[in-house]
Amino acid sequence: MYAFTFHRPQTVRQAAGLLTKNADAKLLAGGQSLLPTMKLRLASPPQILDMTLVEGLSGIELSGRALTIGAMTRHYEVNASPVVQQAIPVLAKLAGLIGDPAVRHRGTLGGSVANNDPNADYPAACLGLGATIITNKRRIKADDYFTGMFSTALEPGEIITKISFPIPKKAAYQKFRNQASRFALVGVFVAKRGSDIRVAVTGAGSNGVFRVTSFEEALKKRFSPKSLEGLTIPADGMNSDIHGSAEYRAHLVGVLARRAVAEAIGKPAA
Amino acid sequence: MAKISLIVNGNPVNANIDPRTLLVQFLRENLRLTGTHVGCDTSQCGACVVHLDGKAVKSCTTLAVMADGHEVKTIEGLAADGGPLHPMQEAFREHHGLQCGFCTPGMIMTAVDIVRRKGNELDDHTIREELEGNICRCTGYHNIVKAIAAGARAMRGGASASQAAE
C-alpha cells in the first residue's frame, strides 16, 4: 500500500470540503473493497478521509412506504435488523450473502453503492427496488445512478448519506456465487410494486448492474416463472472470464430470474 | 504519522504510526502479539481474525487507525497467561481441531463470535456456513466443527470442553 495522508472529518460538510479540495482523495467507510484495492496498488489515493467519526450516517428507519438506511450502516446490521426483516426481508437476506461474517461486520451499504463493483449485491437491490440514493447535494434515482463498471453519477465532492428503498409487494434475490470470492458470478433481483416490475442483474454485465426490460414486460402480463420460459438474453455485453463465459452468464440470468420470481411468489423450485 | 489510543486485550495502548499500518501489522510488529496470523493477506482465509469491539473482523483488511478509540481482542487475550484455556481453546485441544495450527487463532476467534451471535447450541450446518470466511488446508474441517459445537456448549456452563464432550 502506498503512503497517504489520513483525515478524520467530523461532519459530512467537512468531508465534502476535503473531497472537493483533493480531487483524488477517497472516502474510507468499512474499507472492505478500498483497502484490498490499495494493497494491490490498483488504487493509490493521496488522501484518505475516514468517515467513522461522522455522525448521523448510520441507522435504519421505516417511514410510510419506504425503508431508509444510512450510508455507514454495516451489512450485519441490515442482515440482523428486525425492521428490515419485516419490511423488506429480501434486503436483509441479501446483506447476509455479502462476503463472510467478518467482512459483514465492517462493510457498509454506502461504500458498496459508491464503489459499484460489477459483481456486488447491493447495486442489484438498489436498481431492483427502484431505490433513491440520497447525497449531501441531491436525490438520485437508482435508474440514473449506476453509470457503468465502478462508475456512478456521483460528482466531485458528493457523498452518499442514505438510501431510501420503497417497500415492494413481492421481491426475491437469487445469487449464483463465485465459490472462491463469494461475489455474485450472476445475481438477479426481481421486485413487484403495483404495476412496477423490475428485474435487475449484477455480476453478468460488462457495464455493471442493468435491468432486463424484456423480462419485465413478460412479467407484467403475469408475474410467474412461466412468463419467462423460453426467454433469453443475448451474450453480447456479458462479462467473460476464467469463472464463466458470456454465454454461461447469459444463461444464468434466465435461470436465476425464473428462480427469483418463483421465490417471490412463494413457490420456490425444489 | 497518526496518533492512536486503543485497548488491546484489556490494556491501554498508545502509539504513533504510519496511517497505512494494517491492524494485523500493528498487533504483530508493534505489540509483538504474533498469535494473529497473516495467511492470504486478501481477506479470504480468516487467519487474521480478531475482535474489534467484540465483533470478528479481518485485521489484514482493517487499518490500525480505524481501531483508534476502540477495543481489540486477540487470541492472546482469550485466557490469562498461565491460567486455564478459554473453553473454545480447550475444545479445539480436546477434539484435535487442528493439524498445523496456522489457521487456529482465526478459527477460535471466529468460533467465539459465532457463539455470541448464534448461541450455545450450534448444529453442524450452522457452523459450516458461519466458517465461510475461515480456511483450513489440513483438517477437512471435521474436527474443527466438532470442537466449535463442544466449545459453544462449554461456554454456557463454564464447564470444560472435555466434560462437555463426554
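Order of the sequence lines fixes the chain letters, A, B, ..., with proteins taken first and strands second; residue numbering starts at 1 for each chain. Just so it is clear, the values below take in all heavy atoms, side chains as well, and ignore hydrogens, waters and symmetry mates.
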CZ of A/Arg13: more than 12 outside heavy atoms within 6.0 angstrom? no
Does atom NZ (B/Lys118) have a neighbourhood of more than 12 heavy atoms from anything else shown, all under 6.0 Å? no
Counting only heavy atoms closer than 4.5 Å, note whether A/Tyr76 contacts chain B via side chain, backbone, both or neither. side chain
On a heavy-atom basis, which atom in A/Gln32 and which in B/Thr61 lie closest, and how many Å separate them? NE2-O, 3.1 Å
Yes or no on side chain to side chain contact (heavy atoms under 4.5 Å, CB included) for A/Arg177 and B/Glu132, after CA distance, side-chain angles and deciding distance? CA-CA 12 Å; A/Arg177 271 177 161 178; B/Glu132 68 179 328; 3.0 Å; yes
Quick check on B/Leu63 against chain A: is it the side chain, the backbone, both or neither that has a heavy atom closer than 4.5 Å? both
Salt bridge (Lys or Arg N to Asp or Glu O under 4.0 Å) between B/Glu130 and A/Arg104, intermediate numbers included: CA-CA 12 Å; B/Glu130 288 289 327; A/Arg104 295 195 286 272; 5.1 Å; no
Tightest non-hydrogen contact, residues B/Gln44 and A/Ser181, listed as OE1-CA, 4.3 Å
Between CG of A/Asp100 and CD of B/Glu129, what distance do you get to the nearest 0.5 Å? 12.0 Å
Bottom line for A/Leu40: the part with an atom under 4.5 Å from chain B's heavy atoms is neither
Rounded to the nearest 0.5 Å, what separation is found between the CE atom of A/Met38 and the CZ atom of B/Arg20? 9.5 Å
Count the heavy atoms of every other residue, nucleotide or ligand shown that sit under 6.0 Å from CD of B/Glu121, and state whether that count exceeds 12. yes
What part of B/Ile135 is in contact with chain A, defined as an atom under 4.5 angstrom from a non-hydrogen atom: side chain, backbone, both or neither? neither
Crowding at NE2, B/His96 (>12 non-hydrogen neighbours, <6.0 Å): yes
A quick test of your reading: do over 12 heavy atoms of other residues, nucleotides or ligands sit less than 6.0 Å from CD of B/Gln99? yes
Which value, rounded to the nearest 0.5 Å, describes the distance between A/Lys39 atom NZ and B/Ser43 atom OG? 6.5 Å
Distance from A/His105 atom NE2 to B/Asp113 atom CG, nearest 0.5 Å? 4.5 Å
Separation between SG (B/Cys60) and CG (A/Leu35), nearest 0.5 Å, reads 9.5 Å
Please check if the number of heavy atoms outside A/Phe150 that lie under 6.0 Å from its CZ is greater than 12. yes
So, taking the atom named CZ in A/Phe4 and the one named CG in B/Asp18, what distance separates them when rounded to the nearest 0.5 Å? 7.0 Å
Per-residue contact mode, A/Ala80 against chain B (heavy atom under 4.5 angstrom): neither
Contact origin within B/Met1 toward chain A - heavy atom pairs under 4.5 Å: neither
Tightest non-hydrogen contact, residues B/Leu52 and A/Arg106, listed as CD2-NH1, 3.4 Å
When A/Gly31, A/Pro36, A/Pro101 are compared by non-hydrogen pairs under 4.5 Å with chain B, the top option: A/Pro101
